[in-house]
Amino acid sequence: MTTQGTAAGLVDWRTVERLSALIPAGPSASRSARASSVAVLRRSAQEAPAWVARITGLNRAARQVAETTRVSVVDRAGLVRASTRALRGLMEQVPAPRASEAIQLVGAAEIAGAMSLLATRLLGQVLPAAPSGPHGHGAGAADAAPPAGEGADDAAPATAPARDVTTGAGWDGAASPHLLLVAPNVLAVRRQMDLDMLDLPAWVCLHEMTHAVQLAAAPWLGPYLSDSMRMVIGAVVEAAYGGADGARSAGGGSRQERGSRPRRGRAVRLAARAGRGRVLEGLMNVTDRAEVASLAAALTFLEGHAEVVLDDVHPNRMPSVHRLRAVLSRSRAADGGIGPGPGLGSLLLHRLMGLEAKEAQYADGAAFVRSVVTRIGHEGLNAVWADPELLPTPAELARPDVWVRRVS
């Protein structure tokens, strides 16, 4: 479908594809080593939902995840294809002015830069399902992250998805969450940090399946994140192309309606700020800033919850867990966020706010969840999944006792 008149029309997607093709494939490995890595990841993904259930008490949600979540082991190219498709699908739902070729090239460079960071740093991510909309992609998720070819020695192959649920359209075209496990990145981290070949995949899958369980426990969460992401995209479009009187997100007017076009200089300056994690400096609207802060708080909580689930992993189940925890924590601080994550929400906000925000998500979110669990246990914390109004506010992240009083 045409992307003109939407935020997706501000990007030359063919250029994104060409630039993304330059991303290194990852470490070299023999065919047998690659096959072994894929097999371990898939087995770890199968075992993780039950593990999450035992720790959190979210038994029904974990069973749903085990039965419906699609799992794909992909190479870096597969991750980029799925993530680009999902981001483009969100952007197609945000009105924007028509753009010149120059503006589209600026947008392509920014998207390709974000995808390059994603492809080389992320070990896994969950793409939430969401209701299909008038601008959604109709194809199934099987198109989003096809298996990597077996021919290249330096690319870890993907296997066919464990399940193929394609009855609706989510962020990547699927009716249920889609877990992507990035085999070459897991292999690279294991080699660079000399981590256990069984424990690291189990750790990554437990973290990512926790995010899938969160989505199953709170059916409103996927749409909430989608709506919030569209709001952020709309706010960035407004900041780039017209300030308070420029293009608005869904439900408002746009400069296109008044015959205006994006201004190249403003877009280039915004892209330059993006490289320094300063795009949100352009969001002058108080409402926009508050909504972005709420989304950041929600993502911080989700990351912290997944981190605290990993706190309950002990050496009798994962022999190298103490070393794994210490090494990956240092890596996140040093490398700006390498490791598992919740997907496009963090990708977008980290690109806008700076990659150091991801480490803050782990630290602040985990501190909040640990404090709540100490007070009222996982059972009390699970009240959060009932309604988006029960998500912690930015202020409550620093004052868990206030959140506890509010939900109690």
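Since this is a predicted model, take the numbers as computed values, not measurements. Side chains are part of it too, since the values below use all heavy atoms of this structure and drop only hydrogens, waters and symmetry mates.
Within a 6.0 Å radius of CZ in Arg375, other residues, nucleotides and ligands contribute more than 12 heavy atoms.
Here the closest heavy-atom approach between residue Arg230 and residue Val94 is recorded as O-CG2, 3.7 Å. For the pair Arg98 and Gly5, the tightest heavy-atom approach, listed with the atom from each and the gap, is CG-N, 4.2 Å. In this structure, Ala62 and Ala53 approach most closely via the heavy-atom pair CB-CB, 3.5 Å. Shortest non-hydrogen contact noted between Ala119 and Leu79 is CA-CD2, 3.7 Å. The two atoms that bring Pro128 and Gly222 nearest to each other are CB-CA, 4.2 Å, heavy atoms only. When all heavy atoms of Ile103 and Ala99 are compared, the closest pair comes out as CG2-CB, 3.7 Å.
Remark: the backbone N or O of Ala112 is not paired with any side-chain donor or acceptor of Ser116 at under 3.5 angstrom. Not one N or O on the side chain of Ser36 forms a donor-acceptor pair closer than 3.5 Å with the backbone of Ser32. Between the side chain of Arg370 and the backbone N or O of Val308 there is no donor-acceptor pair closer than 3.5 Å. When atom types are taken as modelled, the side chain of Ser20 and the backbone of Val16 share a donor-acceptor pair closer than 3.5 angstrom.
Atom CZ of Arg190 sits about 9.0 Å away from atom CG of Leu198, to the nearest 0.5 Å. Atom CG of Leu310 is separated from atom CH2 of Trp203 by 4.5 Å, given to the nearest 0.5 angstrom. Here the CG atom belonging to Leu225 is positioned 10.0 Å from the CG atom belonging to Leu90, to the nearest 0.5 angstrom. Between atom OG1 of residue Thr84 and atom CG of residue Leu118 there is a gap of 8.5 Å, rounded to the nearest 0.5 Å. Put simply, CG on Leu195 and CG on Leu187 are 11.5 Å apart, with the number rounded to the nearest 0.5 Å. Remark: Asp196 CG to Arg323 CZ distance equals 9.5 Å, nearest 0.5 Å.
Val38 has its side chain out of reach of Arg34: every pair of non-hydrogen atoms, C-beta onward, lies at least 4.5 Å apart. Looking only at side-chain heavy atoms (C-beta outward), Leu200 and Met193 stay at 4.5 Å or farther from each other. Side-chain contact between Val126 and Leu179 is present, with heavy atoms from C-beta onward closer than 4.5 Å. Under the 4.5 Å side-chain criterion, counting only non-hydrogen atoms from C-beta, Trp403 is in contact with Leu381. Side-chain contact between Trp51 and Met318: present, with at least one pair of heavy atoms (C-beta onward) separated by less than 4.5 Å. Under the 4.5 Å side-chain criterion, counting only non-hydrogen atoms from C-beta, Pro97 is in contact with Val237. Side-chain contact check for Pro27 versus Arg191: some heavy-atom pair is nearer than 4.5 Å. When side chains are defined from C-beta on, Gln104 does not count as touching Val11, because their heavy atoms never get closer than 4.5 Å.
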Checklist entry - Checking side chain to side chain contact (heavy atoms under 4.5 Å, CB included) for the pair Arg406/Leu390: CA distance, chi angles, key distance, verdict? => result CA-CA 8 Å; Arg406 177 162 71 89; Leu390 295 179; 4.2 Å; yes

Item to check | Pair Met91-Ile233, side chain to side chain contact (heavy atoms under 4.5 Å, CB included): steps then yes or no | outcome: CA-CA 7 Å; Met91 293 176 71; Ile233 294 168; 3.8 Å; yes

Checklist entry - Passes side chain to side chain contact (heavy atoms under 4.5 Å, CB included), Gln125 versus His178? Steps please. => result CA-CA 8 Å; Gln125 74 166 340; His178 188 186; over 6 Å; no

Checklist entry - When you look at Leu181 and Ser72, which way does the side chain to side chain contact (heavy atoms under 4.5 Å, CB included) test go after all the steps? => result CA-CA 6 Å; Leu181 299 168; Ser72 296; over 6 Å; no

Next on the checklist: Between Arg88 and Glu92, is the salt bridge (Lys or Arg N to Asp or Glu O under 4.0 Å) condition met? List the steps.
Outcome noted: CA-CA 6 Å; Arg88 182 174 180 175; Glu92 285 177 351; 3.5 Å; yes

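For Thr15, the side-chain hydrogen bond (donor to acceptor under 3.5 Å, both in side chains) partners two or more places apart in sequence, or in a different chain, are Asp12, Arg18. Contacts of Ser408 classified as side-chain hydrogen bond (donor to acceptor under 3.5 Å, both in side chains), with partners at least two apart in sequence or in another chain: none. Partners of Asn382 under the side-chain hydrogen bond (donor to acceptor under 3.5 Å, both in side chains) rule, at least two apart in sequence or in another chain, are Trp385. By the side-chain contact (heavy atoms from CB on, under 4.5 Å) test, Ala61 is found to be paired with Leu58, Val213, Ala216, Ala217, residues two or more places apart in sequence or in another chain being considered. Every residue two or more places apart in sequence or in another chain was checked for a salt bridge (Lys or Arg N to Asp or Glu O under 4.0 Å) with Asp199, and none qualifies. Under the side-chain hydrogen bond (donor to acceptor under 3.5 Å, both in side chains) criterion, Arg399 pairs with Asp401, not counting sequence neighbours.
In this structure, a donor-acceptor pair under 3.5 Å is present between the side chains of Gln214 and His211. Side-chain contact annotation: Gln93 with Ser226, donor-acceptor N/O pair under 3.5 Å absent.
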